[in-house]
Amino acid sequence: GAAVSRGLAAVGGLLVAGAAAALAMPLLQRSTGLAPLRVIDLDLAGIVIAGIGCGLLFLARLVRHAGALQQELDAFF
């Protein structure tokens, strides 16, 4: 339960962070002196990866909550 939740949260967070970094890459290129073609690089793949990361973060929270509910139910029986 707890290990699965931590793992899902870590993977989901890294996917969201990677998608955000890919989105902001033209801004980073501009700060290093390179001239990017666009200010923000909105591509479908980055948006999908960010969505998958958010879904994994939600699933991690759901698993953590389910584990807490299971412990509470185990206390009764």
Side-chain angles (χ1 to χ4, degrees):
V4 171
S5 176
R6 282 194 309 268
L8 286 172
V11 171
L14 289 173
L15 282 174
V16 170
L23 183 73
M25 189 57 67
L27 295 175
L28 296 173
Q29 287 176 341
R30 186 181 305 259
S31 68
T32 60
L34 299 173
L37 298 176
R38 297 172 262 195
V39 176
I40 295 177
D41 191 15
L42 264 176
D43 62 334
L44 186 60
I47 294 170
V48 169
I49 288 177
I52 291 171
C54 288
L56 287 175
L57 287 172
F58 174 74
L59 186 62
R61 184 175 176 190
L62 187 68
V63 168
R64 187 171 43 246
H65 187 67
L69 287 176
Q70 183 66 41
Q71 286 180 350
E72 187 175 336
L73 285 175
D74 287 343
F76 286 122
F77 301 107

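In this chain, residues are counted from 1 in sequence order.
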Are Val48 and Val16 joined in one hydrophobic group, where the rule is that I, L, V, M, F, W and Y side chains link up if heavy atoms are under 4.5 Å apart? no

Run the side chain to side chain contact (heavy atoms under 4.5 Å, CB included) test against Ala50 and tell me which residues pass, sequence neighbours left out. Ala19

What distance separates Leu57 CG from Leu14 CG, expressed to the nearest 0.5 Å? 9.5 Å

Testing the basics here: between Leu56 and Gly12, what is the closest heavy-atom pair and its distance to 0.1 Å? CB-CA, 3.8 Å

Which residues end up grouped with Phe58 if you chain together Ile, Leu, Val, Met, Phe, Trp and Tyr wherever their side-chain heavy atoms are less than 4.5 Å apart? none

Atom CD1 in Ile52, atom CD1 in Ile47: separation rounded to 0.5 Å? 12.5 Å

How many angstroms lie between CG in Leu23 and CD1 in Ile49, if you round to the nearest 0.5 Å? 12.0 Å

Identify the two heavy atoms, one from Ala60 and one from Ala9, that lie closest to each other, and give their separation to 0.1 Å. CB-N, 3.5 Å

